[in-house]
Amino acid sequence: MVDNDGRSLVILPNANEMTQIVAIAKALSESGYWPDAKSQSQAITRILAGQEMGVGPFASMTGIYIINGRVSLYANLMASIVKRSGRYDYRVRKLDQTGADLEFLTRSSSGWESLGHSTFGPEEARIAGLAGNANYTKYPRNMYFARALSNGARWYCADAFAGNTPY
């Protein structure tokens, strides 16, 4: 299966690549640096998820986490994937203790065109049941940015994530 640009939507490692992934996963899981990826299988899962999005093993281990079988990405990895896609970008229009507003853009023949805005603030956090969360209390600006980014990435540039819904 291929996308509109002729790129494969199914990315499977060949035997040599899989042997390398297994060896890398073993080393990374045994390092003890990732307490939530204690087994080699957990590390392999992260690395394979990252590989589908064009992300290397170390970035996969530091930027991807799995919750209830769903691939999730930290904001820094999401931002990196959007920006390096070459097709999408975003601009921070507002980022402070009261919320975030990110404008998502797509490249066109005439330059960059706006796809729309993604905002997240105290009211959205309250509705989502996040307002009392320790991270929202300590780092509201960071959390508003992360949620505005993940929403915008899902809405405007999901194909940059090769079918993995960013959260």
Side-chain angles (χ1 to χ4, degrees), residues 1-92 95 100 102-107 115 118 120 125 128-130 133-136 138-139 141-167:
M1 180 186 303
V2 295
D3 68 8
N4 293 337
D5 296 324
R7 296 176 299 201
S8 175
L9 295 178
V10 179
I11 301 171
L12 297 173
N14 64 37
N16 288 337
E17 291 170 333
M18 195 61 200
T19 299
Q20 289 177 340
I21 289 169
V22 168
I24 291 167
K26 182 178 189 312
L28 293 176
S29 64
E30 288 179 358
S31 74
Y33 291 124
W34 292 277
D36 58 337
K38 293 178 181 174
S39 75
Q40 186 175 353
S41 295
Q42 289 174 328
I44 288 170
T45 301
R46 276 188 178 172
I47 292 168
L48 288 174
Q51 185 180 41
E52 288 186 9
M53 293 179 274
V55 175
F58 199 84
S60 296
M61 292 297 291
T62 59
I64 294 174
Y65 56 103
I66 313 290
I67 299 175
N68 297 324
R70 293 183 57 110
V71 175
S72 300
L73 287 79
Y74 288 102
N76 62 328
L77 184 56
M78 264 187 277
S80 174
I81 290 171
V82 168
K83 286 194 171 279
R84 70 136 201 246
S85 73
R87 182 175 178 186
Y88 301 108
D89 202 352
Y90 67 89
R91 299 286 185 266
V92 176
L95 180 59
L102 306 181
E103 181 180 16
F104 283 80
L105 309 163
T106 187
R107 187 182 300 275
L115 292 168
S118 176
F120 202 89
L130 302 170
N133 179 296
N135 283 336
Y136 273 92
K138 291 179 184 176
Y139 312 105
R141 204 170 78 130
N142 295 358
M143 300 307 292
Y144 297 148
F145 173 80
R147 292 308 290 258
L149 180 67
S150 64
N151 286 338
R154 273 195 308 275
W155 298 337
Y156 303 119
C157 38
D159 59 314
F161 297 87
N164 294 292
T165 305
Y167 177 78

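A quick note: this is a predicted structure, and the numbers were derived from the prediction, not measured.
Considering CD of Q40 and CD1 of I24, their distance stands at 11.5 Å, rounded to 0.5 Å. Taken to the nearest 0.5 Å, the CD1 atom of I64 stands 11.0 Å off from the CE atom of M78. The distance from the OG atom of S72 to the CD1 atom of I66 is 7.0 Å, given to the nearest 0.5 Å. The OH atom of Y88 lies 13.0 Å from the CD1 atom of I81; values are rounded to the nearest 0.5 Å. For the atom pair OG of S60 and CD1 of I44, the computed distance is 12.5 Å after rounding to the nearest 0.5 Å. Rounding to the nearest 0.5 angstrom, the gap separating the OG1 atom in T62 from the CG atom in L28 is 10.0 Å.
Minimum interatomic distance between D89 and K83 (heavy atoms only, all atoms of both residues): OD1-NZ, 2.6 Å. Minimum interatomic distance between S118 and N151 (heavy atoms only, all atoms of both residues): OG-CB, 3.5 Å. The minimum heavy-atom distance between Y156 and L115, with the atom names listed, is CE2-O, 3.3 Å. Considering every non-hydrogen atom in both A100 and L95, the closest pair reads CB-CD1, 3.9 Å. Scanning all heavy atoms of the two residues, the minimum distance from Y136 to M143 falls at CE2-CB, 3.3 Å. Shortest non-hydrogen contact noted between F104 and C157 is CD2-SG, 4.0 Å.
Side-chain contact between M53 and L73 is present, with heavy atoms from C-beta onward closer than 4.5 Å.
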Practice problem: Please step through side chain to side chain contact (heavy atoms under 4.5 Å, CB included) for the pair R84 and V55, ending with a clear verdict. | Solution: CA-CA 11 Å; R84 70 136 201 246; V55 175; 4.1 Å; yes
Quiz item: Stepwise, does the side chain to side chain contact (heavy atoms under 4.5 Å, CB included) test hold for R46 with W34?
Solution: CA-CA 11 Å; R46 276 188 178 172; W34 292 277; 3.7 Å; yes
Quiz item: Taking it one step at a time, do I21 and Q51 satisfy side chain to side chain contact (heavy atoms under 4.5 Å, CB included)?
Solution: CA-CA 10 Å; I21 289 169; Q51 185 180 41; 3.7 Å; yes
Quiz item: What's the verdict on side chain to side chain contact (heavy atoms under 4.5 Å, CB included) for V22 and M18, showing C-alpha distance, side-chain angles and the deciding distance?
Solution: CA-CA 6 Å; V22 168; M18 195 61 200; 4.1 Å; yes
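By the 30° and 60° cut-offs, the orientation of the rings of F120 relative to Y144 is tilted.
A donor-acceptor contact shorter than 3.5 Å is absent between the side chain of S80 and the backbone of N76. Side-chain N or O atoms of E17 include one that pairs as donor or acceptor with a backbone N or O of N14 at under 3.5 Å.
Residues forming a side chain to side chain donor-acceptor pair (under 3.5 Å) with Y90 (at least two apart in sequence, or on another chain): none.
Within a 6.0 Å radius of NZ in K26, other residues, nucleotides and ligands contribute 12 heavy atoms or fewer.
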